[in-house]
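Notes follow the structure.
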Amino acid sequence: MKDWLHSVRTLVWKDLLQEWRSKDMLTAMFAFAILTLFIFNYAIELSPVNRAEIASGIIWVVIVFAGTLGLNRSFTAEQDQGCFDALVMAVPDVSAIYFGKMLTNWFVMLFVSVLILPIYSLLYNQSLFNAGFILVLVLGALCYSAAGTLIAGMTVQTRMRDLLLPILLFPILMPVNMAVVKAAGGILAGAPLMDVQAWLVLLAAYGIIVTTVSIMVFEYVIRE
Amino acid sequence: MTLAIRQISKSFGQHHVLNALDLELKPGELLCLLGRNGAGKTTLLRILAGLLKPETGSVWLNNQQIDYAESHARSNIGLVMHQPFLYEHLTGVENLRFYARLYQLADDETALEAALAQVGMQRFARKPVRAYSRGMKQRLTIARALLHSPRILLLDEPYTGLDLQGSQTFNQLMLEQKQQGCIILMTTHDLSHALPISSRFAFLARGRVSDELTNENLSLENLETWLAEKLAKPLSAQKRAVA
């Protein structure tokens with residue numbers, strides 16, 4: 001277990017360092033997120049009545065779509081330079097590769113979220129800096145990264161990876177989308193955390209189940 | 001410590017690449033695997049590295065079947081393939097540090113710089129790999145493959161991109177590895193460089209080793225003649241010879 005954690009930490013260090021240097025994922029995700037926010041700003045007129053409900057939907061759609069761009073890029077270095085083979089031979093267990101990538105994707109999504117929340121607040125004149133709302137986003141991004149990393153590992157080996165990833169990923173994410181939008185909408189409307197507890201439990205359970213299953217099957221996904 | 005490859009078969013669809021292949025390598029031996037393009041050399045190396053599963057057969061080290069699910073078994077192997085397995089946005093020393101950490105080795109600066117020095121790359125240690133030439137990447141790839149002191153080295157076209165000095169440095173490293181008892185299986189088309197370090201040559205045809213040649217004061221001319229004869233033979237004749 002200690003070796004496994006050491007490998008995960010090493011993989012995350014490498015991925016974050018590489019991303020910091022190349023900014024491949026961050027640039028694409030951030031640019032896409034900003035553009036989408038502007039489009040929503042022109043397309044949807046928010047009233048004080050529907051503001052809370054719609055804000056959660058807009059923010060989550062922006063994060064999910066931007067996240068898909070990031071997921072598509074997350075395995076590119078391994079695929080282009082053949083590094084998958086070297087990683088498989090070096091790690092104590094192949095699941096460490098999945099877990100390291102999942103954590104990196106999660107960190108990158110959270111980083112992009114931190115950048116776009118103030119921009120949303122400026123554009124829509126609505127503060128989103130609410131602890132409960134941020135908790136929902138953190139959990140939602142974790143679930144998204146857990147499922148997305150597995151599917152990205154699968155599709156990166158295909159020629160149609162850009163098309164296949166959202167087609168395979170979005171249906172699996174339906175419970176997450178629903179839970180995030182409902183829980184975040186409730187919190188922004190002023191509901192106490194207890195009222196959205198069921199959605200939070202759903203997110204936590206989804207994250208644990210998908211991560212566990214992915215750790216178990218990842219070796220088969222990348223080898224075949 | 002003997003590496004035994006027993007009855008390995010592998011097909012891709014209808015194409016039978018390896019057909020009940022048998023091979024044995026002793027410690028300190030470097031076997032140079034020759035054959036036409038598509039003869040199955042790379043496939044065999046990938047199977048030995050545990051990256052491909054054969055349909056039949058097994059690989060044995062010291063009379064024990066290698067279980068590639070064991071990380072210890074995988075970490076016994078050093079691999080150089082067509083692709084460099086390097087991260088372009090990391091520097092040379094960062095790439096080595098990354099692999100050293102994955103293999104749970106000491107990743108102090110001195111050890112990593114020594115690894116770079118043995119392939120003549122210490123001057124470029126802090127340059128990103130994307131700025132390297134093909135030959136420099138190949139040198140770093142060789143340093144990466146030797147980093148964890150593997151007992152088995154699998155080398156697919158290791159001279160690719162290397163200049164004369166690089167090839168000589170590589171040969172010197174391989175001679176040292178042989179002296180330390182490392183088992184080396186190499187594929188190449190560069191006979192002049194491979195001759196001084198190879199213990200044996202094996203010709204792969206129709207998915208099996210069709211012929212072998214021991215390097216006992218072998219001249220380059222004799223080796224080239226032997227290989228030319230093998231390559232000139234139609235595949236049907238080689239199939240009969242194998243049968």
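Residue numbers begin at 1 in each chain, while the letters A, B, ... track the order of the sequences. Quick note: numbers below take in every heavy atom, side chains included, and nothing from hydrogens, waters or symmetry partners.
The local environment of CD in B/Glu55 is crowded, with over 12 non-hydrogen atoms from other residues, nucleotides or ligands closer than 6.0 Å. Shown here is A/Phe129, whose CZ atom has more than 12 heavy atoms of other residues, nucleotides or ligands within 6.0 Å. More than 12 heavy atoms of other shown residues, nucleotides or ligands fall within 6.0 angstrom of atom CZ in B/Arg134. Within a 6.0 Å radius of NZ in A/Lys23, other residues, nucleotides and ligands contribute more than 12 heavy atoms. Counted within 6.0 Å of CZ on A/Phe38, heavy atoms from surrounding residues, nucleotides or ligands total 12 or fewer; the atom is thus considered open.
In this structure, B/Arg46 and A/Asp85 have side chains that are in contact, with non-hydrogen atoms separated by less than 4.5 Å. Side-chain contact check for A/Met89 versus B/Tyr103: some heavy-atom pair is nearer than 4.5 Å. By the 4.5 Å heavy-atom criterion applied to side chains, A/Phe84 and B/Phe85 are not counted as neighbours. Side-chain contact between B/Tyr87 and A/Gln81 is absent, with no heavy-atom pair separated by less than 4.5 Å.
The parts of B/Ala49 that come within reach of chain A are both its backbone and its side chain, each placing non-hydrogen atoms under 4.5 angstrom from that chain. Of the two parts of B/Arg130, neither the backbone nor the side chain holds a non-hydrogen atom closer than 4.5 Å to a non-hydrogen atom of chain A. For B/Tyr99, the part lying under 4.5 angstrom from a heavy atom of chain A is the side chain only. Neither the backbone nor the side chain of A/Trp20 comes within contact range of chain B, judged by heavy atoms closer than 4.5 Å. With a 4.5 Å cut-off on non-hydrogen atoms, B/Leu86 touches chain A through its backbone but not through its side chain. Only the backbone of A/Asp80 comes within less than 4.5 Å of a heavy atom of chain B; no side-chain atom from C-beta onward does.
A/His6 contributes a side-chain N or O that, together with a main-chain N or O of B/Arg101, makes up a donor-acceptor pair within less than 3.5 Å.
Atom CG of B/Leu102 is separated from atom CD1 of A/Ile97 by 8.5 Å, given to the nearest 0.5 angstrom.
Residues of residues 168-176 of chain B never come within less than 4.5 angstrom of chain A, heavy atom to heavy atom.
Under the side chain to side chain contact (heavy atoms under 4.5 Å, CB included) criterion, A/Leu26 pairs with A/Glu19, A/Val108, A/Phe111, A/Val112, sequence neighbours left out. B/Val17 meets the side chain to side chain contact (heavy atoms under 4.5 Å, CB included) test with B/Phe12, B/His15, B/Thr43; sequence neighbours excluded. B/Asp67 meets the side chain to side chain contact (heavy atoms under 4.5 Å, CB included) test with B/Ala69, B/Glu70; sequence neighbours excluded.
Contact count versus chain B (heavy atoms, under 4.5 Å) is highest, among A/Gly82, A/Ala96, A/Ser7, for A/Gly82.
When all heavy atoms of B/Leu90 and A/Lys14 are compared, the closest pair comes out as CD1-CG, 3.7 Å. Heavy atoms only, all atoms of each residue included: B/Arg74 and A/Pro92 are closest at NH2-O, 3.4 Å.
Using a cutoff of 4.0 Å between basic side-chain nitrogens and carboxylate oxygens, A/Arg21 and B/Glu88 are not scored as salt-bridged.
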